[in-house]
**Student:** 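Sending over a structure as structure tokens; questions will come in a sec.
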There are 2 protein chains.
Amino acid sequence: MLRVSRSDSAYHHGNLGPALEDAALDLMRTQGHTSLSLREVARRAGVSHNAPYHHFGDRTGLLKRVSERSMAELVSAMRAAQASAEDASPRERAVRVGGAYVGYAAEHPERFRVVYDPEVCVPGSPTPTMAPLITEIEGILAETTAALLPPGAEAALMPLTVAVWGSVHGLAELVVAGHITQDDVEPALVALLDPGSSARLAP
Amino acid sequence: MLRVSRSDSAYHHGNLGPALEDAALDLMRTQGHTSLSLREVARRAGVSHNAPYHHFGDRTGLLKRVSERSMAELVSAMRAAQASAEDASPRERAVRVGGAYVGYAAEHPERFRVVYDPEVCVPGSPTPTMAPLITEIEGILAETTAALLPPGAEAALMPLTVAVWGSVHGLAELVVAGHITQDDVEPALVALLDPGSSARLAP
DNA sequence: TCACCGATATGGACAGTGTCTAGATTCTGG
DNA sequence: CCAGAATCTAGACACTGTCCATATCGGTGA
């Protein structure tokens with residue numbers, strides 16, 4: 001077992017915090033984070049049922065940490081998509097970035113779900129680690145959205161950014177909940193960003 | 001206390017099922033459905049901790065029932081908005097229907113959340129009561145979306161309907177999670193449905 | 001009318017959980 | 001080298017979901 005500590009004693013684990021997080025993430029592959037048991041996590045890590053308390057305070061503390069790591073992964077996926085679509089058209093890039101968002105949710109539904117659980121993360125008072133991640137998501141979406149706007153429409157950036165966030169987030173939730181398939185997502189995003197779709201009537 | 005039974009005996013409640021649902025809905029005004037306790041619900045209704053089992057089978061059974069009632073309320077709100085915007089423009093109507101969706105979520109966050117909890121409702125095998133409600137939501141959204149399409153673009157109806165569902169659902173979730181305010185929703189929907197917003201580049 | 005049966009409600013029991021307190025062990029800085 | 005901080009363990013408590021056996025009620029057929 002990997003140890004940060006130099007001692008071979010079994011009493012102190014040496015790297016328990018991350019080990020517990022890993023165990024939790026592993027358990028969340030097969031069960032929802034709502035039914036995740038602190039004691040089972042401790043059992044997985046081979047440690048007493050109370051050891052987690054010295055690292056996370058309480059159950060929500062562990063979930064907060066897990067949601068931070070998940071949010072970081074989500075941001076990475078979006079940044080990667082943004083970079084890989086650097087030379088594509090703004091609309092193509094928006095579809096790719098949105099696809100990355102939904103793709104992460106589809107691949108790790110429970111990690112995605114814990115990130116947006118109001119009982120875990122309250123955006124009004126986010127964790128020091130979580131706050132910049134939220135800012136970065138908003139930034140990526142704003143950049144992606146800005147490229148879609150016609151010149152002179154900069155005033156619409158903020159509301160449209162919110163709309164884009166809502167769209168990809170909603171599609172992700174619908175996929176996770178099982179109401180739509182991941183195959184439905186790209187056509188939906190394309191249709192949404194097609195200016196012809198909703199152009200029937202004048203304002 | 002309201003009794004369906006004619007007897008005044010306290011042994012049989014007479015109308016326990018709905019009474020338990022009401023108690024659960026009431027508790028969910030102040031606590032999440034994930035931390036909702038079957039025993040507390042029973043206590044609220046003034047019955048033994050085991051009485052709920054004869055009506056719902058298990059905890060998830062009660063949550064399923066609660067989510068059915070909540071989904072019915074959500075559908076009603078959308079139908080009402082659709083009717084009240086009968087004479088408005090398609091875009092105005094879409095904003096109103098979407099606003100009703102988000103409004104319900106903002107007003108009853110926990111009822112909204114339980115409806116889309118994958119551990120409660122699995123769309124693949126929905127409850128007999130839930131199935132038509134899901135169909136009706138999709139129908140309302142399809143009607144609202146169809147009116148937005150230019151003539152000859154009927155092929156885009158399905159993907160755009162999915163996109164609209166995703167958009168309003170995502171905005172609702174973001175409001176519930178606290179990432180945006182309800183005041184952000186209408187501008188976002190307007191921006192999203194404005195054909196000028198995303199018209200910068202040709203396909 | 002009345003005995004019976006299914007539906008409804010009760011109580012006790014059990015394993016599992018989150019969290020508190022107290023105590024044991026190891027690490028570390030002066 | 002040693003005292004205090006950090007880490008981990010053990011025991012206890014209240015609470016939970018669920019199973020089982022039991023009690024009560026309402027209606028139905030003889």
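Just so it is clear, the structure is predicted and the values come from calculations on it, not from any experiment.
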**Student:** Distance check: side-chain N/O of B/H55 vs OP1/OP2 of C/dA9, anything under 4.0 Å?
**Tutor:**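 For C/dA9, OP1/OP2 do have a side-chain N/O of B/H55 under 4.0 Å.
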
**Student:** Could you pull out all residues at least two apart from B/E68 that satisfy salt bridge (Lys or Arg N to Asp or Glu O under 4.0 Å)?
**Tutor:**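 Residues passing salt bridge (Lys or Arg N to Asp or Glu O under 4.0 Å) with B/E68: B/R65.
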
**Student:** Can you tell which of A/V97, A/I140, A/T161 makes a side chain to side chain contact (heavy atoms under 4.5 Å, CB included) with A/T145?
**Tutor:**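 That would be A/T161.
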
**Student:** Which of residues 25-34 of chain A sit near DNA chain D, with a heavy atom under 4.0 Å from it?
**Tutor:**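 Under 4.0 Å from DNA chain D: no residue of residues 25-34 of chain A.
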
**Student:** Which donor-acceptor pairs under 3.5 Å do side chains of residues 130-138 of chain B form with protein atoms, sequence neighbours excluded?
**Tutor:**
residue	atom	partner	partner atom	Å
B/T135	OG1	B/A131	O	3.1
B/E136	OE2	B/R79	NE	2.9

**Student:** Please confirm whether any donor atom in the side chain of B/H54 sits under 3.5 Å from an acceptor in the base of C/dA9, or the reverse.
**Tutor:**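 Side chain to base: pair present.
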
**Student:** Tell me the interatomic distance from B/L16, atom CG, to D/dC25, atom P, rounded to whole angstroms.
**Tutor:**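 Answer to the nearest Å: 15 Å.
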
**Student:** Provide, to the nearest angstrom, the distance between the CZ atom belonging to A/F56 and the P atom belonging to D/dC8.
**Tutor:**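 Rounded to whole Å, this separation is 11 Å.
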
**Student:** Not counting sequence neighbours, which residues clear side-chain hydrogen bond (donor to acceptor under 3.5 Å, both in side chains) with A/E40? List them please.
**Tutor:**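 Here no residue qualifies.
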
**Student:** Once salt bridge (Lys or Arg N to Asp or Glu O under 4.0 Å) is applied, do any residues pair with B/E107, and if so which ones, sequence neighbours excluded?
**Tutor:**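 For B/E107 there are no salt bridge (Lys or Arg N to Asp or Glu O under 4.0 Å) partners, ignoring immediate neighbours.
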
**Student:** Could you list the residues that satisfy salt bridge (Lys or Arg N to Asp or Glu O under 4.0 Å) with B/E186, not counting sequence neighbours?
**Tutor:**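 So B/E186 forms no salt bridge (Lys or Arg N to Asp or Glu O under 4.0 Å) with any residue.
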
**Student:** May I ask you to verify if any side-chain N or O of B/S37 is less than 4.0 angstrom from the OP1 or OP2 atom of D/dG17?
**Tutor:**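 It does, given that an N or O in the side chain of B/S37 lies less than 4.0 Å from OP1 or OP2 of D/dG17.
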
**Student:** What residue pairs, at least two apart or across chains, pass ring-ring contact (aromatic ring centres under 6.0 Å, His included) with a residue in residues 110-137 of chain B?
**Tutor:**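 Qualifying pairs, neighbours excluded: A/H179-B/Y116, B/Y101-B/F112, B/F112-B/Y116, B/F112-B/H169, B/Y116-B/H169.
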
**Student:** Quick one: list whatever passes salt bridge (Lys or Arg N to Asp or Glu O under 4.0 Å) with A/R59, sequence neighbours left out.
**Tutor:**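 None.
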
**Student:** How many whole angstroms separate atom CG of A/N15 from atom C1' of C/dT26?
**Tutor:**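 Roughly 16 Å, once rounded to whole Å.
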
**Student:** Within the 4.0 Å heavy-atom criterion, would you say A/L36 contacts the bases, only the backbone, or no part of the nucleic acid?
**Tutor:**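 Result for A/L36 = sugar-phosphate.
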
**Student:** Using a distance-only test with no angle check, is there a side-chain donor-acceptor pair under 3.5 angstrom linking B/T144 and B/R93?
**Tutor:**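 Note: B/T144 and B/R93 side chains miss the donor-acceptor criterion.
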
**Student:** All N/O contacts under 3.5 Å from nucleotides 18-20 of chain D to the protein, with atom names and distances to one decimal?
**Tutor:**
residue	atom	partner	partner atom	Å
D/dT18	OP2	B/Y53	OH	3.0
D/dT18	OP2	B/R59	N	2.9
D/dT18	O5'	B/Y53	OH	3.3
D/dT18	O4	B/R39	NH1	3.1
D/dT18	O4	B/H49	NE2	3.3
D/dC19	N4	B/N50	OD1	2.8
D/dC19	N4	B/N50	ND2	2.5

**Student:** Would you tell me if any nitrogen or oxygen in the side chain of B/R43 comes within less than 4.0 Å of OP1 or OP2 on D/dC15?
**Tutor:**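 Result: no.
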
**Student:** Could you give the CG-to-P distance, from B/L62 to D/dT16, as a whole number of Å?
**Tutor:**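 Going from B/L62 (CG) to D/dT16 (P), I get 14 Å.
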
**Student:** Is A/S48 near enough to D/dC8 that one of its side-chain N or O atoms lies under 4.0 angstrom from OP1 or OP2?
**Tutor:**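 No, A/S48 has no side-chain N/O under 4.0 Å of OP1/OP2 on D/dC8.
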
**Student:** Give the residues of residues 114-122 of chain B touching DNA chain D, defined as any heavy atom closer than 4.0 Å, sorted by residue number.
**Tutor:**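 Result for residues 114-122 of chain B: none.
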
**Student:** Any side chain to side chain donor-acceptor pair (under 3.5 Å) pairs touching residues 44-56 of chain A, not counting sequence neighbours?
**Tutor:**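 Applying side chain to side chain donor-acceptor pair (under 3.5 Å) to every pair that reaches into residues 44-56 of chain A, excluding sequence neighbours, yields A/D26-A/R44.
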
**Student:** Can you list everything that forms a side-chain hydrogen bond (donor to acceptor under 3.5 Å, both in side chains) with A/Y104? Sequence neighbours excluded, please.
**Tutor:**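 In terms of side-chain hydrogen bond (donor to acceptor under 3.5 Å, both in side chains), with neighbours along the sequence ignored, A/Y104 is linked to A/E73.
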
